[in-house]
Amino acid sequence: MFSLTPDAAEPRLHVARRTLERLRTVPGLAARYTGHAEPHRLDDLAALPPLAKDDLNTALAHLEPKAENGATWLFQSGGSTGAPKIGYAPTGFYMAGVHAHWQPLDPDDVFVNAWGAGRMWGAHFLAAALADLSGCQIIAVGSVAADEYPDWLSFFAARRVTAIGGTPSVLRLWFARARAAGITLPDLRKVLWLGEAWQPQLAEDMAAVAPRARRHGMFGSTETWVVGTNGPECPADTFHTLPEQLVHVGPDDLLDFTTLNPEMLNPVLRYRTGDAGRLVACPCGRPGPAMQVLGRRDSVVQVRGLGLHVEQVVARAEREPGVTQAQVLVTEQGGRASSVEVLLLTAPDAEVDTERLRKEILSATFTLSTAFQHDPQCFRVRTVDALISNGRTGKTSDLVVREDS
């Protein structure tokens, strides 16, 4: 099932044919497309093999795309462990196409861009491009130390800030700190978010700090860029896809994405992010199918806004002599990771240097080193007598997420 009708999509499949032509030049991928026809119809597209993250990284390493106009921006792609994998975007980050269909900001807004800047993550710059198209005032803050929140929040109130944007975990900090300090933002009407699933706990703090504020969300990745958007009348997990993004629902509800934007630098052709979803009618009443995101179907877990590949961390731990099995335990407080632990089940009489292993994993894993840059003690490695298992099924998974009350 596709997000666009044949009449809407097929005249634009020349972009997919060009993408296929590029992928056929990649030595590691060319063979998979042997015998597949050029996609002139949606059925032809659905017959092509999907791309996974490693496939796209292979393609980008070979193609090294370059923007025709302006700079070519390089970003971390996929939130992977180890060294950053590269994604590409031209100046403007495709936001003109987004702004044509979604305009949460207007020229009268004073917008706080609270997405982290730098660190090869694109959300801060993407939001800045949207604000530029909107013609509003913008305050760029990036990361903020714990003792700085009251002063910044008072500044926002004095400047009569009307909009703020960030990942839900970052937004939760802003609203929780404001509520704890007794600071209100009576002029705040709009909360933009991207990078994580919406956290329902935000609603309670928003109601206390900024009762007029409503959420406006984007869904996407540094491989696909913005796929869809929603507004206050839409469920938080449901997004209206852009005409330049073709979404397909495959087996096991896995979503794959194909760009119909001729300016897209990443060769996105049936690209799977690991998200599952379905096409539904949105309660907001807007015509056409919307994309409801059901969650992840791969081993990536969000840790403070970054994707952690659990299986790679477990594989590294299990290569350590004496370790028979490993498990990643993420402890959350209010929907945000407060700590990550690697639990080790060891052979009898085995001695494992857990501190050395902790330092190795932390330094070699981009997500963990970035997420715990300011509190590295919250990432730990320790031996245990037994791993955490499901008492009903007896299964022991690589990942356990628990809420710490």
Side-chain angles (χ1 to χ4, degrees), residues 70-71 73-77 79 87-144 152-153 155-156 159 161-175 185 187-199 202 206 210 213-232 234 236 239-240 242 244-245 261 263-264 266 302 304-307 370:
W73 292 70
L74 276 65
F75 292 105
Q76 179 202 356
S77 172
Y88 296 79
T91 299
F93 315 106
Y94 315 104
M95 291 307 287
V98 178
H99 183 257
H101 298 276
W102 185 69
Q103 299 167 9
L105 300 174
D106 58 56
D108 294 329
D109 279 314
V110 180
F111 170 57
V112 173
N113 186 348
W115 278 280
R119 292 281 178 178
M120 296 187 71
W121 193 34
H124 181 94
F125 307 99
L126 177 151
L130 177 67
D132 183 63
L133 291 164
S134 304
C136 66
Q137 294 185 38
I138 182 169
I139 302 170
V141 292
S143 59
V144 174
W152 275 110
L153 286 161
F155 175 71
F156 296 164
R159 294 303 305 172
V161 162
T162 62
I164 188 171
T167 61
S169 58
V170 168
L171 292 170
R172 184 92 194 278
L173 288 174
W174 281 105
F175 284 103
L185 300 172
D187 297 293
L188 187 66
R189 304 189 310 275
K190 304 168 184 179
V191 177
L192 279 62
W193 56 284
L194 168 72
E196 298 172 343
W198 178 257
Q199 296 181 10
L202 262 170
M206 282 173 54
R214 300 293 181 267
R215 54 171 172 74
H216 302 260
M218 293 175 277
F219 175 90
S221 69
T222 47
E223 298 92 358
T224 63
W225 295 90
V226 176
V227 171
T229 61
N230 67 21
C234 308
F239 301 84
H240 297 276
L242 300 169
E244 59 197 29
Q245 298 277 10
N261 181 352
E263 297 181 3
M264 176 71 76
N266 292 343
Q302 290 290 316
R304 299 183 177 182
L306 299 170
T370 300

H216/V191 under side chain to side chain contact (heavy atoms under 4.5 Å, CB included): CA gap, chis, key distance, verdict: CA-CA 6 Å; H216 302 260; V191 177; over 6 Å; no

Are [X] and [Y] close enough that some pair of their side-chain heavy atoms sits under 4.5 Å apart?
X	Y	result
M218	L126	yes
N113	I164	no
V112	V141	yes
P232	R215	no

Working to the nearest 0.5 angstrom, can you tell me the gap between [X] [atom1] and [Y] [atom2]?
X	Y	atom1	atom2	answer
I138	D132	CD1	CG	8.5 Å
R214	L192	CZ	CG	14.5 Å
N261	L242	CG	CG	10.0 Å
S134	L105	OG	CG	4.5 Å
T167	L173	OG1	CG	8.5 Å
F155	I139	CZ	CD1	4.5 Å

Closest non-hydrogen atom pair between [X] and [Y], with its separation:
X	Y	answer
M206	A213	CE-O, 3.8 Å
F111	A127	CE2-O, 4.2 Å
A197	P168	O-CG, 3.3 Å
S221	E223	OG-OE1, 2.8 Å
Q302	G195	OE1-O, 3.5 Å
A89	F93	CB-CD2, 4.0 Å

W225 and F75 aromatic centres sub-6.0 Å: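 Yes, they do, as the ring centres are separated by less than 6.0 Å.
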
Distance flag, aromatic centroids of W73 and F125, threshold under 6.0 Å: yes

Side-chain donor or acceptor of [X] paired with backbone N/O of [Y] under 3.5 Å:
X	Y	result
T224	V227	no
D109	C136	no
W115	L194	yes
E244	M264	no
E196	G305	yes
E263	Y94	no
D187	V161	no
T91	A71	yes

Steps toward side chain to side chain contact (heavy atoms under 4.5 Å, CB included) verdict (H99, L130): CA-CA 7 Å; H99 183 257; L130 177 67; 4.0 Å; yes

Stepwise side chain to side chain contact (heavy atoms under 4.5 Å, CB included) check, Q137 with R159: CA-CA 10 Å; Q137 294 185 38; R159 294 303 305 172; 4.0 Å; yes

M95 and V226: CA distance, side-chain angles, deciding distance, side chain to side chain contact (heavy atoms under 4.5 Å, CB included) verdict: CA-CA 8 Å; M95 291 307 287; V226 176; 4.1 Å; yes

W193: which of W198, W174, F175, F219 passes ring-ring contact (aromatic ring centres under 6.0 Å, His included): W198

NZ/NE/NH1/NH2 to OD/OE distance under 4.0 Å, D106 and K190: yes

